[in-house]
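In what follows, a structure is listed as C-alpha cells, so that the remarks can point back to it.
The structure displayed is predicted, hence computed values, not measured ones.
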Amino acid sequence: MGTGFNTKALRDIAAKLKPLAARTCPFVEPADIEDQAYWVKPILIAEVAFQEWTQAGRVRQAVFHGLRVDKAAASIVREAPFAQPRSVSNHKVAVPTNMPVTGRVAAPHITHADRVIDTQSGLTKGDLVDYYQQVADLILVHLQDRPTAVMRAPSGIGGELFFQKHLGAGTWAGIEAMSVGSATSAKAMLQIRGSQGVLSAAQWNVVEFHTANASRRALSLPDRMVFDLDPGEGVQWVQIREAAALVRAFLAQLGLQSFLKTSGGKGLHVVVPLRRVHDWATVKGLSQAIVQHMSAQIPKRFVAKSGPRNRVGKIFIDYLRNSEGATTVSAWSARARAGIGISVPVHWDELDQLPSGDHWTVLTFAERLSVGNTPWDGYAKAARSLTVAMQKLAYK
C-alpha cells in the first residue's frame, strides 16, 4: 500500500508490529518478496480498498484504511465479487452472497460516471450511484415520508457544495415537494419517492441526504430526538465512544430508549424515537435541558455551547438538530468528506469495538449489507412520550 497513512499512523502501526516480530516467514509461498523483509506474526488485520486483483494475485492501487479490531485473523478469506448487472462504471464491489437483491431498479442514465469526486479514495460519480443503487432499500426506510434536504457536489467534494432544501426549478424523477394538507408550499422540503428518487438524486450530484425529525403524518409533532456528539480539538475516539455510552445511560434513567449510528464523519449520533404528542419547542427545550444537565454533571467531558473555542478537549452534544426546520444526515447517506464515509446504524454492543465514526465508506460498505438496519430493530415500538422524562428532569 502506497497511500492512506501519515507519519503518525506509521509510528502507531510500528509500535503494534514490534512485539509481533518473527524469525520465519508466515506465508506458504514467499516468492518474489524482498530479502530485507521484516517478518511478523499474522495477527493484525488491515482494511484495504483497492481497484482490482492482478493476474499474479496482488492488489492494484491499494489504499490503507486502518487496522481492524472486530475480526479474528483466522476468519479472513479472500472475498469473491457477487455477479450482478451493473448500470454504471466498472467498479467491483464484493457483496455478501446471502444478501437478497430486492426492490432494485435500474439506475437512470448517468452522465460523467467516470468523473472522480473524491481524490483521496479515487471514487467516481459512477461508484457513488452504484452504492446508492445497492443500499436504496436500506436508506428508504429512513427517508420514507420525511422532509428531506440534500447536499450536492457538482464539482466533487473538493469543489463548491450546495445544501438544497427545496425542489426549485426542474424535475427530478421520483422526487417531489413535501405536501402539507391539500396545498404544496413553495418552501416545502423534498420528498424522496422510492429507489428512483434516490438514484435520480445521485445523478444530479447529490452526495448527502438529510432528514427532518418529523414525518408527513404530523409535521408539527416531532417523532424523534437527535443528539449529535461533536468532538472538539484534541478529543480522542475512545472519549467519543464513552460519551455515547454516557448519553445512552442518562436517557435510560429518564425512561427513554436510544439507538446509535455512525455519523460518517468524526462523531456519533444517538437517536431517541418519540410518540407524536409534543411540539417542536417542547422537544428542543428538553433536549437542551438534557445537554445542559450532562455538561454540568460532567464538565470535563461535555460542553453545552457550540463553537470550536468552547469545546477544545470536550464534546459538544448538539441538540440544535431538534429545532423545527433542522435536519440530520440520514442513516446510509454518504458524506461529502475525504474518503466518503457513510452513516451506518450500529448495535450498542458494537460500540466498544467501533474504530471510528467514518469506519464504513462507499468503498467498504459491502460487509455491512447483511447487517443492514437490524441494529435498529424495535425502533418504532420504543417510541415514548417525553412526559416522564420531563418530570424526572424537573423540566417545565
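Qualifying ring-ring contact (aromatic ring centres under 6.0 Å, His included) partners for His269, counting only residues two or more places apart in sequence or in other chains: none. Residues satisfying the salt bridge (charged side-chain N to carboxylate O under 4.0 Å, His left out) criterion with Asp279, sequence neighbours excluded, are absent altogether. Residues satisfying the side chain to side chain donor-acceptor pair (under 3.5 Å) criterion with Ser295, sequence neighbours excluded, are absent altogether. For the side-chain contact (heavy atoms from CB on, under 4.5 Å) test, residues two or more places apart in sequence or in another chain that qualify with Ala153 are Leu161, Val207. Taking Tyr379 as the reference, Phe259, Trp376 meet the ring-ring contact (aromatic ring centres under 6.0 Å, His included) condition, with sequence neighbours excluded. Applying the side chain to side chain donor-acceptor pair (under 3.5 Å) test to Thr327 and every residue at least two apart in sequence or in another chain returns nothing. Every ring-ring contact (aromatic ring centres under 6.0 Å, His included) that Tyr132 has, sequence neighbours left out, goes to Phe209. In terms of the side chain to side chain donor-acceptor pair (under 3.5 Å) criterion, residue partners of His278 (sequence neighbours excluded) are, by chain and number, Ser385. Not a single side chain to side chain donor-acceptor pair (under 3.5 Å) links Ser155 to another residue, sequence neighbours left out. Partners of Gln292 by side-chain contact (heavy atoms from CB on, under 4.5 Å), not counting sequence neighbours, listed by chain and number: Gln288, Ala304.
Within the 3.5 Å criterion, the main-chain N or O of Asp352 finds a donor-acceptor partner in the side chain of Arg241. The backbone N or O of Asn373 lies less than 3.5 Å from no partner atom in the side chain of Trp332, so there is not a single donor-acceptor pair. Thr361 contributes no side-chain N or O that, together with a main-chain N or O of Gly341, makes up a donor-acceptor pair within less than 3.5 Å. Looking only at distances, no side-chain donor or acceptor of Asn322 sits under 3.5 Å from a matching main-chain atom of Val283. A donor-acceptor contact shorter than 3.5 Å is absent between the side chain of Arg217 and the backbone of Ala214.
Salt bridge annotation for Glu350-Lys261: absent, with no cationic side-chain nitrogen under 4.0 angstrom from a carboxylate oxygen.
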Distance-only donor-acceptor hits, side chain of residues 143-152, under 3.5 Å, sequence neighbours excluded:
from   : atom 1 : to     : atom 2 : distance (Å)
Arg146 : NH1    : Ala212 : O      : 3.1
Arg146 : NH1    : Asp223 : OD1    : 3.0
Arg146 : NH2    : Asp223 : OD1    : 3.1
Arg146 : NH2    : Asp223 : OD2    : 3.1
Thr148 : OG1    : Arg146 : O      : 2.9
Arg152 : NE     : Trp204 : O      : 3.1
Arg152 : NH1    : Gln164 : OE1    : 3.1

Please tabulate, for the side chains in residues 242-257, all donor-acceptor contacts under 3.5 angstrom to protein atoms that are two or more places apart in sequence or on a different chain.
from   : atom 1 : to     : atom 2 : distance (Å)
Glu242 : OE1    : Arg301 : NH1    : 3.2
Glu242 : OE1    : Arg301 : NH2    : 3.1

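We find the CG-OG distance between Asp318 and Ser287 to be 9.0 Å, quoted to the nearest 0.5 Å.
Under a cut-off of 6.0 angstrom, the local environment of CZ in Arg275 is sparse, with at most 12 non-hydrogen atoms contributed by other residues, nucleotides or ligands.
Checked against the 6.0 Å centroid criterion, the rings of Tyr131 and Phe365 qualify as a close aromatic pair.
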